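The block underneath contains the structure these notes are about, expressed in structure tokens.
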2 protein chains.
Amino acid sequence: MAIRPAEQLIHKAAWLYYAHGLRQDEVASQLNISRASVAMYLRKARETGIVNISTSTQLFTNDIMARRVEDAFKLDAVWIAPENAYLADPSTDIAVLAASVFLELVKKGDRIGVAWGRTVYTIADIMSYADLQDVTVVQLCGNLGAPYSYRPDQCTMEIARRLNAKGLNFYAPLVLSTEELAQGLRAEPVIRDQLAGVADCDLALYSVGAVDADSHLVKCGALTAAEMEALRSQGAAGVIAGQIIDASGEVLDCSYNRRVISAELASLRAIEKRLMVVQEDTKFEPLLSAIAGGLCTHLVIGAHMAERLLEHAAAVAGKKAS
Amino acid sequence: MAIRPAEQLIHKAAWLYYAHGLRQDEVASQLNISRASVAMYLRKARETGIVNISTSTQLFTNDIMARRVEDAFKLDAVWIAPENAYLADPSTDIAVLAASVFLELVKKGDRIGVAWGRTVYTIADIMSYADLQDVTVVQLCGNLGAPYSYRPDQCTMEIARRLNAKGLNFYAPLVLSTEELAQGLRAEPVIRDQLAGVADCDLALYSVGAVDADSHLVKCGALTAAEMEALRSQGAAGVIAGQIIDASGEVLDCSYNRRVISAELASLRAIEKRLMVVQEDTKFEPLLSAIAGGLCTHLVIGAHMAERLLEHAAAVAGKKAS
DNA sequence: CACGGCTCTCGACAAAAGTCAAATTTGGAT
DNA sequence: ATCCAAATTTGACTTTTGTCGAGAGCCGTG
């Protein structure tokens, strides 16, 4: 019988091994297959999320620094990846941590909003598989037809795939050439519904982009480096779900933003848990803006960024006191 | 440095091993300790619930029979442990399954009501450790000073311990010698509060007892075998949280019930998720009564019991049709 | 009907993880 | 100050697990 490896068998093997604690050879004899097959089934079981191995992320929240950041910025929860540490690649560490935190925050039946960017895609890429039931992953902003692997729809789909969830993609460009067209498209029932549905999400996952020539918006051709620079002098401080925000975390009043198809910030703020992940130390100011705008309730950052945040908070407090 | 095994180290080791996928020797060199220590830390991490390994119980709900039972009895979810199966001890299988299901149903911040009995204690005993935050486990009924290890308070405490949760015990006897005393005790603020708090639970875990000489009530001396027999002829059909219920799942009107200190059935019904676990095939009628009384929304049983339930449902439907 | 292509299965080897008794260290008691 | 008991760490050993290539069964296709 070399038909389907019978998902059934994978389940049974996983059950006997993980729940009952039998050894692989015991499982093999119970199921009348070779031990090698059992080993393979178990790997599949882990890969498909039939078994879930998760480590508590407590270590990173219990950190004193994390508490201080929480207090200073009035955030619900903060996780800090130690950078001094024992790991080869510190930036991956943030993503691994973010993935764990994300999985810990997701509940069955949740609706999850996902933005895009290298950070988000990295998280999706290393996230372990899970078998959440009734979860929907919705794309928070329009697409960018760039050749990058971290296109908005890719991020959404990949996360949906890992979670065994339903992915709701957004079939519209991120940015159009005229404001009229953008307005018209936003009024389209399909788009309209999806945009309206953002506020119903239980959890959002995004990062914040910097306003410079390295931004994805520039790399993907949505804006030129020069335009970006111009926006910067107009007060642009960061990029959230494809939109430019100012230092107070509000949408910057500019042509580009009016041509963008993306979730409104108000809808994002309506989401109960807003998980923001920042990998690059260079994104200090964008992050400050996002926090100021109330766009994040849960935060995953590196130790260095945490220090800068605390220094900043102390400076502000000092100024206020004097 | 053989001071505190530094919970910190356990966390780090678990993190590197499970989240980053390093090998034990890699973890060892990262943390500058021997591989053997890493192995030990990892075991502790598993034992204390710092890492969680859970297997999806889908296999058992996806079962066609489970669906039919759900439909026939209007239950939210049913899990059926295959009994024909590949396991040495079939009754343990139900408990292992129940433990998994239970852990899958528990959420952070939940309040959990736990009754007592051999079944419940078995579940507690094999349940893996978890690190739920802010969970409270409350005892649903008074104590019985029996020498059995599955006393009500033991069940509560053990489950609380495994979950790293707070245990709320009930410092009152299950049954008193006079109705007056019971009434008086129920009016005591401490007791009163705890009884009132039952309805606020998010999840209940219990089994149902049979009305015979093997009942715990008899074994623990709350009732004599003769009294039990008498109650049976008065319509007693089962035991829920120390109380006698009739075939319709209501409290039987008898002196014993009036002398009992336990959660009211109405409070139990107010709990959103009521997980009932039945191991013994002999408890068919008690289970029917409990279902009739709406005392269970989630059910874990063996395949044989499931068959009997379906047969019964078919018979009832047939009678109705004719 | 034979043919690849495909997946699953198995046996054997290599790698990794679990275990144990002895050695070492620590904190507290005498 | 010194010693004892408890707990932790270690190195060596055993057991368990992961992996690879070969072989076998199944399917659609030519």
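Just so it is clear, the values below take in all heavy atoms, side chains as well, and ignore hydrogens, waters and symmetry mates. By convention in this document, chain letters (A, B, ...) are assigned in the order of the sequence lines, proteins followed by strands, and residues within each chain are numbered from 1. None of the values given here were measured: they were computed from a predicted structure.
The residue among A/Ala39 and A/Arg23 whose nearest nucleotide of DNA chain D is located toward the 5' end is A/Arg23.
Rounding to whole angstrom units, CZ of residue A/Arg43 and C1' of C/dA16 are separated by 16 Å. Atom P of nucleotide D/dT16 and atom CD of A/Glu26 are separated by 8 Å, given to the nearest angstrom. Distance CD1 (A/Ile33) to C1' (C/dC8): 11 Å, rounded to an integer number of Å. The separation between B/Met40 atom CE and D/dA12 atom C1' is 18 Å, rounded to whole Å. With rounding to whole Å, B/Asp25 atom CG is found 18 Å from C/dA14 atom P. We find that OH of B/Tyr17 is positioned 8 Å from C1' of C/dA16, with the value rounded to whole Å. Straight-line distance from the CZ atom of B/Arg35 to the P atom of D/dT10: 12 Å, rounded to whole Å. Rounded to a whole Å, the CG atom of B/Leu22 is 16 Å from the C1' atom of C/dA15.
Here B/Tyr41 does not reach the OP1 or OP2 of D/dT8: none of its side-chain N or O atoms lies under 4.0 Å away. Residue B/Ser37 has a polar side-chain atom (N or O) positioned under 4.0 Å from OP1 or OP2 of D/dT10. Put simply, A/Lys44 has a side-chain N or O that comes within less than 4.0 Å of OP1 or OP2 on C/dC8. Remark: B/Gln24 is in phosphate contact with C/dG18, judged by side-chain N or O atoms under 4.0 Å from OP1 or OP2. Using a 4.0 Å cut-off, no side-chain N or O of B/Arg46 falls inside it from OP1 or OP2 of C/dA17.
For the residue pair B/Arg46/B/Tyr129, the side-chain donor-acceptor check at 3.5 Å is not satisfied.
The shortest non-hydrogen separation linking B/Thr55 to B/Ser100 is OG1-OG, 4.5 Å. Between B/Asp110 and B/Leu105, the shortest heavy-atom contact is OD2-O, 4.0 Å. Contact between B/Ile126 and B/Thr92 at its shortest, heavy atoms only, is CD1-O, 4.5 Å.
In this pair, A/His298 and A/Trp79 present their aromatic rings parallel. The plane angle is below 30°, not in the 30 to 60° band.
Side-chain atoms of B/Ser34 lie closest to D/dG11 of the nucleotides C/dT19, C/dC10, D/dG11.
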